[in-house]
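All remarks here apply to the structure that follows.
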Amino acid sequence: MSRKYFGTDGIRGTANTPPMTPEIAMRLGMAAGKYFRRGGSRRHSVVIGKDTRLSGYMIEPALVAGFTSVGMDVTLFGPLPTPGVAMMTRSLRADLCVMISASHNSFEDNGLKLFGPDGFKLSDDIELEIESRMDRALDDKLAAPEALGRARRVDDAQARYVEIVKATFPRGMRLSGLRVCIDCANGAAYKVAPAALYELGAEVFPIGVNPDGFNINREVGSTDTLALREAVLKYRADIGIALDGDADRCILVDEKGNEIDGDQLIGLVATHWQAAKQLSKKGVVTTVMSNLGLEKYLGSLGLTLERTKVGDRYVVERMREGGFNLGGEQSGHIVLSDYATTGDGLIAALQVLAVLVESGKPLSEVARVFEPIPQKLVNVRYSSGAPLDEASVKDTIAAVEKRLGSSGRLVIRKSGTEPLIRVMAEAENADDMENAVNEIADAVRKVS
């Protein structure tokens with residue numbers, strides 16, 4: 001069944017244009033509210049968080065109208081990281097959670113991520129069922145006047161999340177003496193991340209903590225680490241932590257200003273969790289985008305690497321199916337299921353900080369656990385149509401795959417959140433990798 005609204009990570013689009021309009025947000029609230037009302041006499045509720053985008057002021061009240069119209073009570077958190085909102089779903093015994101965020105995208109975009117009562121993202125089947133209800137008549141099964149939902153704003157959600165995060169750090173361990181730069185991307189974690197690090201004893205140097213509705217992810221955050229790398233060197237920090245707009249991913253920077261991606265973080269955490277007998281299974285879960293070097297490194301430790309399609313929700317699904325407690329993506333989504341139901345950039349960073357405290361070594365010595373195989377990702381924007389279905393593109397991909405043989409790997413896919421074709425190539429020879437990416441990207445551009 002084809003999807004009309006939901007992509008790989010909820011509903012996402014340019015603010016005030018379909019599917020990210022107040023009407024569609026209201027319809028989502030009505031449809032999801034009806035689906036999650038389980039009958040009985042008790043009140044049903046939904047929790048809603050958001051990041052700092054200007055359009056959040058438009059989307060939030062539309063959602064509230066939709067949910068309350070079908071009899072669901074609404075609890076509003078304001079700006080709070082996605083993983084924090086998911087945690088609060090279980091903490092407050094809510095039936096549903098909605099996060100208003102477009103993650104790492106610029107302010108023009110916004111999105112709606114849905115989580116069930118267990119704090120996990122909804123399955124494809126549930127999303128499709130909600131979609132089927134969204135285009136029904138607006139007066140379908142509305143609540144009676146006396147049964148309308150109520151809305152309230154909770155002021156202590158940020159403090160609750162800070163305490164939850166701090167509790168994931170090893171008991172008795174402190175960050176005293178460590179200089180930490182934290183880049184909050186002018187997003188949802190702009191208050192909670194610096195506070196948690198400070199309360200754990202670190203000397204904190206925050207950047208990206210002055211949101212104005214427009215500057216989320218602009219020249220800051222996990223997708224643009226230049227400002228963080230400069231800050232690490234300027235303040236002589238031991239570590240730099242870059243979050244994205246909703247703080248469900250992180251990229252690190254070592255004391256020399258070098259970037260450390262999600263693959264290296266997964267390798268580092270796997271190494272130390274295996275030594276501490278903390279891994280629930282002898283393996284981790286990543287996506288098809290993770291570097292082959294990580295797979296070989298984990299193999300040398302006697303650990304397997306299981307791959308899913310791109311999207312942290314698919315990583316989490318496989319982790320739950322197989323009983324894994326560590327997984328993630330190269331982009332910085334690190335899922336530590338002992339602590340959270342989705343990627344949490346701040347909790348992941350704390351795991352690395354614990355390694356620094358315990359080892360007494362600089363990040364540059366402990367974070368690069370494997371040598372990556374040359375890999376490159378190019379994003380090609382398109383305006384309409386289906387470039388990957390064009391015969392010329394298919395022929396080019398087939399020719400490149402044949403040329404690479406067993407010495408390389410291709411992943412070409414349509415983004416589920418933006419009008420982009422993502423072209424990734426991996427090869428033992430860097431020139432072969434470059435040629436492969438450029439050839440396929442050029443073929444896509446010609447038909448886009």
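Predicted, not measured: the structure shown is a model, and the values here were computed from it.
- Summarising the geometry, atom CG belonging to Asp248 is positioned 9.5 Å from atom NE2 belonging to His104; distances are rounded to the nearest 0.5 Å.
- Here Ile260 contributes atom CD1 and Leu252 contributes atom CG; the two are 5.5 Å apart, rounded to the nearest 0.5 Å.
- Side-chain atoms of Asp338 never come within 3.5 Å of backbone atoms of Asn325 as a donor-acceptor pair (strictly under, hydrogens ignored).
- Aromatic ring orientation, Phe107 versus Phe214: perpendicular (interplanar angle above 60°, classes split at 30° and 60°).
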- Message: Between Glu321 and Arg318, does the salt bridge (Lys or Arg N to Asp or Glu O under 4.0 Å) criterion hold? Intermediate values first, please.
- Response: CA-CA 5 Å; Glu321 290 170 358; Arg318 180 64 196 120; 3.6 Å; yes

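- Using a 4.0 Å cut-off between charged nitrogen and carboxylate oxygen, Asp124 and Arg3 count as a salt-bridge pair.
- Salt bridge absent: Glu306 and Lys281 never bring a charged side-chain N and a carboxylate O closer than 4.0 Å.
- Side chain of Arg27 to backbone of Met134: a donor-acceptor contact under 3.5 angstrom is found.
- Counting heavy atoms from C-beta on, the side chains of Met424 and Val310 never come closer than 4.5 Å.
- Between Lys166 and Ala196 the shortest heavy-atom distance is CG-O, 4.2 Å.
- Here the side chains of Arg12 and Ser103 are in contact, with some heavy-atom distance below 4.5 Å.
- Separation of atoms CE (Met58) and CE (Met20) is listed at 8.0 Å; rounding is to 0.5 Å.
- When side chains are defined from C-beta on, Asn186 does not count as touching Asp212, because their heavy atoms never get closer than 4.5 Å.
- A donor-acceptor contact shorter than 3.5 Å is absent between the side chain of Ser91 and the backbone of Met87.
- Salt bridge status for Asp389 with Lys414: absent, with no side-chain N to carboxylate O gap under 4.0 Å.
- Checked for salt-bridge contact, Glu390 and Lys446 miss the test: no charged N lies under 4.0 Å from a carboxylate O.
- Other residues, nucleotides and ligands contribute at most 12 non-hydrogen atoms within 6.0 Å of the CD atom of Glu219.
- Remark: side-chain polar atoms of Arg53 are not paired, donor with acceptor, to backbone N or O of Gly111 under 3.5 angstrom.
- Around OH of Tyr382, the count of heavy atoms belonging to other residues, nucleotides or ligands within 6.0 Å exceeds 12.
- Atom NZ of Lys34 has more than 12 neighbouring heavy atoms from other residues, nucleotides or ligands inside a 6.0 Å radius.
- Using a 4.5 Å cut-off on side-chain heavy atoms (C-beta onward), Cys181 and Val253 make no contact.
- Between Asn110 atom CG and Ser101 atom OG the span is 6.5 Å, to the nearest 0.5 Å.
- Within 6.0 Å of the CZ atom in Arg150, the count of heavy atoms belonging to other residues, nucleotides or ligands does not exceed 12.
- Between the side chains of Glu23 and Thr21, no donor N or O sits under 3.5 Å from an acceptor N or O.
- Of all the heavy atoms in Leu326 and Met319, the pair that sits closest is N-CE, 3.4 Å.
- Glu317 and Arg320 are not joined by a salt bridge, as no carboxylate oxygen comes within less than 4.0 angstrom of a charged side-chain nitrogen.
- When side chains are defined from C-beta on, His333 does not count as touching Thr287, because their heavy atoms never get closer than 4.5 Å.
- Side chain of Thr89 to main chain of Val85: a donor-acceptor pair is present (N/O by atom type, distance under 3.5 Å, no hydrogens or angles).
- Side-chain contact between Leu353 and Val180 is present, with heavy atoms from C-beta onward closer than 4.5 Å.
- Between Arg152 and Val74 there is no side-chain heavy-atom pair separated by less than 4.5 Å.
- Taking 4.5 Å as the limit, some side-chain heavy atom of Ile182 sits within range of a side-chain heavy atom of Val204.
- Checked for salt-bridge contact, Asp312 and Arg249 miss the test: no charged N lies under 4.0 Å from a carboxylate O.
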- Message: Does Gln351 form a side chain to side chain contact (heavy atoms under 4.5 Å, CB included) with Trp273? I'd like the steps, not just the answer.
- Response: CA-CA 10 Å; Gln351 295 301 306; Trp273 277 21; 3.2 Å; yes

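- Side-chain N or O atoms of Asp95 include none that pairs as donor or acceptor with a backbone N or O of Val46 at under 3.5 Å.
- Here the shortest heavy-atom pairing between Asp244 and Ser222 reads CB-OG, 3.3 Å.
- Side-chain atoms of Asn217 come within 3.5 Å of backbone N or O of Asn105 as a donor-acceptor pair.
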- Give the intermediate values and the outcome of side chain to side chain contact (heavy atoms under 4.5 Å, CB included) for residues Ile126 and Phe6. CA-CA 11 Å; Ile126 294 177; Phe6 286 91; over 6 Å; no

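- Here the side chain of Glu329 pairs a donor or acceptor atom with the backbone of Gly311 at under 3.5 angstrom.
- Remark: Lys121 is not positioned above the aromatic ring of Tyr314, lacking an NZ or CZ atom under 6.0 angstrom from the ring centre and at most 45 degrees off the axis.
- Between the side chain of Asp183 and the main chain of Gly221, a donor-acceptor pair closer than 3.5 Å is present.
- Taking a cutoff of 4.0 Å between a charged side-chain nitrogen and a carboxylate oxygen, Glu60 and Arg153 qualify as a salt bridge.
- Across all their heavy atoms, Tyr190 and Pro211 have their closest contact at CD1-CD, 3.7 Å.
- Within the model, atoms SG of Cys97 and CZ of Arg90 stand 11.5 Å from one another, a figure rounded to the nearest 0.5 Å.
- Between the side chain of Gln158 and the main chain of Pro79, a donor-acceptor pair closer than 3.5 Å is present.
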